[in-house]
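Below you will find the structure I want to go over with you.
What you see below is based on every heavy atom in this structure, not just the backbone, and it leaves out hydrogens, waters and symmetry mates. Just so it is clear, the structure is predicted and the values come from calculations on it, not from any experiment.
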Amino acid sequence: MESSYCHDITPIISIFLLFFLLFSPIFSAKDLKDLRNANTTFHSNKKLTNNTMKKINKPFVKSIKSPDGDIIDCVLIHLQPAFDIPILKATGPLDPPEIPNGNKKGGMETEVKQLWNSKGESCPQGTIPIRRQTESEIFTSDSISTFGKTTSRNDFSPSDNGHEHAIGYVTDGEFYGAKATLNVWAPNVTRAHEFSLSQIWVIADVPTHPLSTFEAGWQVAPTMYGTSSPRLFIFSTNDGYRSGCYNLKCPGFVQTTQEISLGATIYPVSTYNGRQFDIKVLIWKDPRHGNWWLKVGNTVVGYWPVALFPDFNKHATTIQYGGEVYNAQRPGQQHTSTIMGSGHFPAEGYGKASYVRNMEIIDEYNALKPVGDVNLIAEKPKCYDVKNGFDKFWGYYIFFGGPGNNPNCH
């Protein structure tokens, strides 16, 4: 692998850059519309202007080259994409709220390891690490995330839009967040624009509005990121997946930590019949300000401003845990061989199948509670399946996954 390098600008340049950035104009309404379109509409033959690319990839005070080829830019926290929106720029980044209290099953929280800082590199105080985007990645990310994607209001009924799930979920309640531990794999993804992931979905389903979601976990999406390594990611939508935003690719999430880079590679990964590695993911509503925060391992990453997601003003209505694969094969063609999780069915159990354990929800008192009875859904159980259980130490859990194409998968 390539060695890491960093480049620090001189103090004089730093002062000049800070002055320039603080007094440069923010996005206009048209800029924001263009930026949203660039991140949520796939145009294979369209080119972004240099000016737009500069607004997407913010000026940095330091850059770090990751061993996997990623470039991580250390961007002043007030200049991240979220603050291109005037209503957010006026507020500035908020301090983390009180962490939900309650159930402590699953052991101590651990640090999430990422390749970009594996050799001791770090971003300075007052900045956040943002993975630099290329033009092709901007267009590709949308084709992966939103192409043909809808979510049924009828308990996630099967559809032929290519998105296939193996999940456990709870619904018809008032949820103020969710927490779980997800083990990390590097599943094989076989076709362009396909992906495989494990995540938590926090969903606000208001009958008169399109679906809104906050999502976080890990994914393998080679066309989007350029490698087949698992990436820590977030995704959100407030219009039923007609558009949406990955990581910090467009305004929508305010990052507050300098320790984690959204979209960057995480390691190590689990091995079949070997050692298992997992990450803890927590999404919860700040009881004071109403924003929805993300914590991964022992690090509070940032928040989704409720001003941008009004259907989350009160609470979420559904929590989902588990896996998803995008199958790019057309209906009637042989099913994709892209695997979910470890590529093995849940009946094989620990060390062989992918899991989500210590599944919890957060109540109106900002307290963690066991998730309780879990519903299951797998649109194509012969391709990818799910099973649930309960254990004294794991609490409520699911095993899920599968190989995709096989003699029984249609």
Side-chain angles (χ1 to χ4, degrees), residues 36 39-40 82 85 87-88 91 94 97 100 145-146 149-157 159 161 163 165 167-180 197-217 233-247 249-254 262 281-296 301-322 324 356 359-369 371-375 377:
R36 280 287 185 180
N39 282 280
T40 60
I85 301 176
I87 191 174
L88 298 182
T91 64
L94 300 175
S145 65
T146 61
K149 186 169 185 178
T150 59
T151 301
S152 169
R153 296 184 187 276
N154 299 315
D155 292 340
F156 324 109
S157 300
S159 63
N161 63 16
H163 293 262
H165 307 82
I167 61 174
Y169 69 95
V170 290
T171 192
D172 298 326
E174 296 184 1
F175 308 108
Y176 296 81
K179 183 180 181 182
L197 61 77
S198 175
Q199 68 172 51
I200 294 175
W201 291 258
V202 176
I203 299 170
D205 189 355
V206 177
T208 56
H209 297 166
L211 207 71
S212 292
T213 74
F214 301 136
E215 306 173 22
F233 85 100
I234 62 171
F235 181 83
S236 60
T237 181
N238 60 8
D239 60 7
Y241 291 103
R242 286 193 291 270
S243 66
C245 190
Y246 266 117
N247 306 323
K249 289 180 179 291
C250 56
F253 184 83
V254 178
L262 295 169
V281 177
L282 167 65
I283 299 172
W284 83 103
K285 182 181 181 181
D286 175 4
R288 182 178 178 185
H289 294 107
N291 301 308
W292 289 73
W293 286 77
L294 171 68
K295 184 171 182 275
V296 181
V301 181
Y303 59 93
W304 290 276
V306 73
L308 304 182
F309 300 89
D311 285 349
F312 280 102
N313 264 317
K314 293 182 178 179
H315 53 76
T317 58
T318 301
I319 306 295
Q320 298 179 24
Y321 312 82
E324 179 182 350
V356 178
M359 295 159 55
E360 298 173 295
I361 56 94
I362 298 163
D363 66 16
E364 60 185 312
Y365 304 107
N366 202 36
L368 285 160
K369 297 174 61 176
V371 72
D373 293 335
V374 177
N375 302 292
I377 185 70

Exercise. What residues form a side chain to side chain contact (heavy atoms under 4.5 Å, CB included) with Glu364, not counting sequence neighbours?
Worked result: Tyr176
Exercise. Of Val356, Ile167, Val281, which is the lone residue that meets side-chain contact (heavy atoms from CB on, under 4.5 Å) with Tyr321?
Worked result: Val356
Problem set entry | Ile319 side chain near Val371 side chain, heavy-atom distance below 4.5 Å | no
Problem set entry | Listed partners of Asn375 passing side-chain hydrogen bond (donor to acceptor under 3.5 Å, both in side chains), at least two apart | none
Problem set entry | Residue list, side-chain hydrogen bond (donor to acceptor under 3.5 Å, both in side chains) with Thr237, at least two apart or on another chain | Asp239
Problem set entry | Heavy-atom closest pair, residues Ala178 and Ile200 | CB-CG2, 4.0 Å
Exercise. With a 4.5 Å heavy-atom cut-off, do Pro100 and Leu282 have their side chains touching?
Worked result: yes
Problem set entry | CZ on Arg242 to CG on Leu211, rounded to 0.5 Å | 10.5 Å
Exercise. Can you name the closest pair of heavy atoms from Asn291 and Pro305 and give their distance?
Worked result: OD1-CA, 3.3 Å
Exercise. Roughly how far, to the nearest 0.5 Å, is CH2 of Trp201 from OG1 of Thr213?
Worked result: 9.5 Å
Exercise. Can you check whether Val254 reaches Leu94 side chain to side chain, under 4.5 Å on heavy atoms?
Worked result: no
Exercise. To the nearest 0.5 Å, what is the distance between CD (Gln320) and OG1 (Thr171)?
Worked result: 8.5 Å
Exercise. In Å, rounded to the nearest 0.5 Å, how long is the span from CG of Leu262 to CZ of Phe253?
Worked result: 6.0 Å
Problem set entry | Beyond-backbone contact of Leu197 with Phe233, side-chain heavy atoms, under 4.5 angstrom | yes
For this session: Can you measure from NE2 (His163) to OH (Tyr241) and round to the nearest 0.5 angstrom?
Result: 9.0 Å
For this session: Given side chain to side chain contact (heavy atoms under 4.5 Å, CB included), test Val202 with Phe175 step by step and report yes or no.
Result: CA-CA 9 Å; Val202 176; Phe175 308 108; over 6 Å; no
Seminar exercise, completed: When rounded to the nearest 0.5 Å, the distance separating CD of Glu174 from NZ of Lys314 is 8.5 Å
For this session: With the side chain counted from C-beta on, respond yes when Phe309 and Ser236 share a heavy-atom pair under 4.5 Å apart, and no when they do not.
Result: yes
For this session: Kindly write out the residues that satisfy side chain to side chain contact (heavy atoms under 4.5 Å, CB included) with Ala367, not counting sequence neighbours, or none if the list is empty.
Result: Asn101, Asp363
For this session: For residues Leu368 and Trp284, determine if any side-chain heavy atom of one lies less than 4.5 Å from a side-chain heavy atom of the other.
Result: no
Problem set entry | Results of side-chain hydrogen bond (donor to acceptor under 3.5 Å, both in side chains) for Asp311 - residues two or more places apart only | His209
For this session: Using ring-ring contact (aromatic ring centres under 6.0 Å, His included) as the criterion, list what pairs up with Phe312, not counting sequence neighbours.
Result: Phe214, Trp292
Problem set entry | Expected output: side-chain Lys285 to main-chain Asn366 donor-acceptor under 3.5 Å | no
Exercise. Which atom pair, heavy atoms only, marks the closest approach of Val306 to Gly290?
Worked result: CB-O, 3.3 Å
Seminar exercise, completed: Sequence neighbours excluded, the answer for side-chain hydrogen bond (donor to acceptor under 3.5 Å, both in side chains) partners of Asp286 is His289
Exercise. Are side-chain heavy atoms of Leu308 and Ile85 found at a separation under 4.5 Å?
Worked result: yes
Problem set entry | Nearest heavy-atom neighbours spanning Gly244 and Phe235 | CA-CZ, 3.7 Å
